[in-house]
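These notes concern the structure reproduced below.
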Amino acid sequence: MHTYAKLFVLGLLVFFVACATSIEVPKDVNYDYNVNFDFTKLKTYDISPTPTTGGIEHLMMERIRTAIDTQLQDKNVKKASSNPDFLVTIYGVRSKIFTTAWRGPGEDLIVEKGKLVLQFFDPETNRVIWWGEARAILDPNRKPADETKMVNDVVHRILQKFPPASS
């Protein structure tokens, strides 16, 4: 009986340590938009070229692009490489690899590590019309399928706020 008690305590200890090491990702999303912009006219988009040296390597960038494509298609917004209504720019820093922020093309945007930021630009004016960000704890030690699931969840949460309800 004494051995069973020790095994029980050891099992509880392992359980609590395992729970303590899991990462709970905050579910909040921050976003903002140009209140004077008519979002109802947005029917097509394209994703801006993004250098992959800034914190999100090629495979992770492909996951993010695929998640964006899926979410926007669900909103009846089509991808168009010719004359899109808006451009999507992706910013991010993987928290497990990089500890500094990445500056995006054309502007100094400081991205907190562990965040994914999506900015939508009007290609005619090159101005931001909408942006959203959420925490995205992307871990290079995680299985690829789990990373894909995390990216899909984060992009889904961000794009739930698009288009703005006032449109």
Note to self: Would you say the ring centers of Phe39 and Phe120 fall short of 6.0 Å from each other?
What the structure shows: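 Ring-ring flag for Phe39/Phe120: false, centres at least 6.0 Å apart.
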Next item on the list: State whether Lys149 and Asp153 are salt-bridged, where the test is any N-O pair (Lys NZ or Arg NE/NH1/NH2 against Asp/Glu carboxylate O) under 4.0 Å.
Entry: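 Looking at Asp153 together with Lys149, the answer is no, because their closest N to O distance does not fall below 4.0 Å.
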Closest contact, heavy atoms only, [X] versus [Y]:
{"X": "Arg135", "Y": "Val154", "value": "O-CG2, 3.6 Å"}
{"X": "Val77", "Y": "Leu42", "value": "CG2-O, 4.2 Å"}
{"X": "Val128", "Y": "Gln119", "value": "CG2-OE1, 3.9 Å"}
{"X": "Asp85", "Y": "Pro123", "value": "O-CD, 3.2 Å"}
{"X": "Ala134", "Y": "Val29", "value": "CB-CG2, 4.0 Å"}
{"X": "Ile90", "Y": "Arg65", "value": "CD1-CG, 4.0 Å"}

About how many Å separate [atom2] of [Y] and [atom1] of [X], when rounded to the nearest 0.5 Å?
{"X": "Glu62", "Y": "Ile64", "atom1": "CD", "atom2": "CD1", "value": "10.0 Å"}
{"X": "Asp32", "Y": "Glu133", "atom1": "CG", "atom2": "CD", "value": "10.5 Å"}
{"X": "Glu124", "Y": "Ile129", "atom1": "CD", "atom2": "CD1", "value": "10.5 Å"}
{"X": "Phe121", "Y": "Leu87", "atom1": "CZ", "atom2": "CG", "value": "8.5 Å"}

Below 4.5 Å, heavy atoms only, C-beta onward: do [X] and [Y] meet side chain to side chain?
{"X": "Asp69", "Y": "Ile47", "result": "yes"}
{"X": "Tyr45", "Y": "Lys79", "result": "yes"}
{"X": "Val151", "Y": "Glu147", "result": "no"}
{"X": "Lys78", "Y": "Pro84", "result": "no"}
{"X": "Leu159", "Y": "Trp130", "result": "yes"}
{"X": "Ile68", "Y": "Leu118", "result": "yes"}
{"X": "Leu59", "Y": "Arg63", "result": "yes"}

Item checked: Criterion ring pair (Phe, Tyr, Trp, His ring centres under 6.0 Å) against Phe162, the qualifying member of Trp131, Tyr33, Tyr31, Phe86 ->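 When ring pair (Phe, Tyr, Trp, His ring centres under 6.0 Å) is applied between Phe162 and each of Trp131, Tyr33, Tyr31, Phe86, only Phe86 qualifies.
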Next item on the list: Kindly check if the number of other-residue, nucleotide or ligand heavy atoms within 6.0 Å of NZ (Lys161) is above 12?
Entry: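 Counting other residues, nucleotides and ligands, NZ of Lys161 stays at 12 neighbours or fewer.
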Notebook entry, point to check: Just wondering, more than 12 heavy atoms not from Asn83 lying within 6.0 Å of its CG?
Noted result: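 Count not over threshold, so no.
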Next item on the list: Apply the test side-chain contact (heavy atoms from CB on, under 4.5 Å) to residues Thr148 and Met60: give CA-CA distance (whole Å), side-chain angles for both, the deciding distance (0.1 Å), then the verdict.
Entry: CA-CA 8 Å; Thr148 299; Met60 186 56 64; over 6 Å; no
